[in-house]
There are 2 protein chains.
Amino acid sequence: MREDQAAPPPADVELIGRRTPQRSTVLGALIGSAEFLSAQALHLRLLAAGEHVGLSTVYRTLTALAEAGRADVVRDPGGERLFRYRPSPQHRHYLLCRVCGTGLPVDSSLVGSWAAGISASSGFADVQHTVELTGTCPDCLREQ
Amino acid sequence: MREDQAAPPPADVELIGRRTPQRSTVLGALIGSAEFLSAQALHLRLLAAGEHVGLSTVYRTLTALAEAGRADVVRDPGGERLFRYRPSPQHRHYLLCRVCGTGLPVDSSLVGSWAAGISASSGFADVQHTVELTGTCPDCLREQ
DNA sequence: GCGCACATGACAACGGTTCTCATGTCGTTT
DNA sequence: AAACGACATGAGAACCGTTGTCATGTGCGC
Ligand SMILES: [Mn+2]
Ligand SMILES: [Mn+2]
Ligand SMILES: [Zn+2]
Ligand SMILES: [Zn+2]
């Protein structure tokens, strides 16, 4: 029923430095959302809930979480970066709904080995890959 | 020797509207470059060559070419969009050097069918994919 | 408790891109 | 050839996501 608990014990805050109320709040909001969120959307959400955390702090916390591997980052068509909490530290890819933002994790082992093969045959070093799938989810399809 | 001819007959200008000197110039510069270029880099290049084309026009022309399928667009890590002329109208993917910007086309048929499979099994409609590979090319590796 | 390295937040600055609008021009019609 | 209208151009401002600045606040090891 409630999709956001008051304050689900945010354990991995300390992965990114000192434990502060602001970081716990941001991490809590990120964990509480099933969808990818932009820094600004998350900030607005906090304001609406009466939680006053500076926008700079939201940006810094999300960026730090992403660098620590606790958040996935994706770029929306407009270039905005969207964040989503990642419970397990593994690398993942998502199929994102362009209408509602819902993200569905997809099995990307095939893409991973494809990229590894390209890396080996090209002579390039430190090859990284970005894979993003977008579409319209069944729910949003139904609602026209 | 010369990597940029004076003005290689730019045929597909008219794919994006009226044929103007500015559009021919922009398209010529795009065709003359083997690498992905940002709108601003291309603009600077034109200025250096004594060709005065407004930055707005460069943006408009590149965007129109991309929409017409005559240019590939890729996002660099900083969020900047990079353009490259696409002689054939097929969909392509590249392995980009993070140092010098060189782009190597890669065989992505595997990724295409993977994406198609995900599309079919997920129930999502209109699934599009973004695949970007980045690394350090052999030349840039050599130069330390 | 002290102290300081680290964190916060209001605000300004930044960089890429798009918008505005007055002026110019392509290309078609008489 | 001249005229006309729709479209294109360009200088500058506006926009928007993001990062920097810096004075103030605070977590936390001592
Ligand atoms: Mn992957
Ligand atoms: Mn493809
Ligand atoms: Zn949806
Ligand atoms: Zn290189």
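Predicted model, so just to flag it, every value in this text is computed and none were measured. Labels below follow one simple rule: chain letters A, B, ... track the order of the sequence lines, proteins then strands, and each chain is numbered from 1.
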Mind checking whether A:S33 and A:Y85 have side chains closer than 4.5 Å, heavy atoms only?
no
Please report the distance, rounded to the nearest Å, between CD in A:Q22 and C1' in C:dA10.
14 Å
Most 5' of B:T63 and A:V53 on DNA chain C, judged by nearest nucleotide
A:V53
Output yes when at least one side-chain N/O atom of A:Y59 is less than 4.0 Å from OP1 or OP2 of D:dT19, else no.
no
Can you tell me which nucleotide in D:dA11, C:dT17, C:dC26 comes closest to the side chain of B:S56?
D:dA11
Measure the distance from CZ on A:R19 to P on D:dC28 and round it to the nearest whole Å.
8 Å
Taking any heavy-atom pair under 4.0 Å as a contact, classify A:R81: base, sugar-phosphate, or nothing.
sugar-phosphate
Under 30°, 30 to 60°, or over 60°: which ring-plane class applies to B:Y94 and B:F36, parallel, tilted or perpendicular?
perpendicular
Side-chain donor/acceptor contact of A:S38 with base of D:dG17 under 3.5 Å:
no
Could you check how far CZ of A:R75 sits from P of D:dT18, rounded to whole Å?
7 Å
If only atom types and distance count, is the side chain of B:W114 paired as donor or acceptor with the main-chain N or O of A:D107 below 3.5 Å?
yes
Can you check the A:D76 CG to D:dG17 P distance for me, whole Å?
9 Å
Please report the distance, rounded to the nearest Å, between CG in B:L62 and P in C:dG16.
15 Å
Any N or O donor-acceptor pair under 3.5 Å from the base of C:dA7 to the side chain of A:T57?
no
Would you say B:E80 and B:S38 are linked by a side-chain donor-acceptor pair, where the criterion is simply a distance under 3.5 Å?
yes
I'd like to know if the side chain of A:R86 and the backbone of A:G69 have a donor-acceptor N/O pair within less than 3.5 Å.
yes
To the nearest Å, give me how far apart CD1 (B:I16) and C1' (D:dT9) are.
13 Å
Between D:dC15 (P) and A:Q40 (CD): distance, integer Å:
15 Å
N/O (side chain, B:R23) to phosphate O (OP1/OP2, D:dT9) under 4.0 Å:
yes
Any donor-acceptor N/O pair under 3.5 Å between D:dC28 base and A:R18 side chain
no
Separation of C:dT8 atom P from A:R60 atom CZ, nearest Å, is 7 Å
Identify whether any heavy atom of B:T20 sits under 4.0 Å from a base atom; if not, whether one sits that close to sugar-phosphate; answer base, sugar-phosphate or nothing.
sugar-phosphate
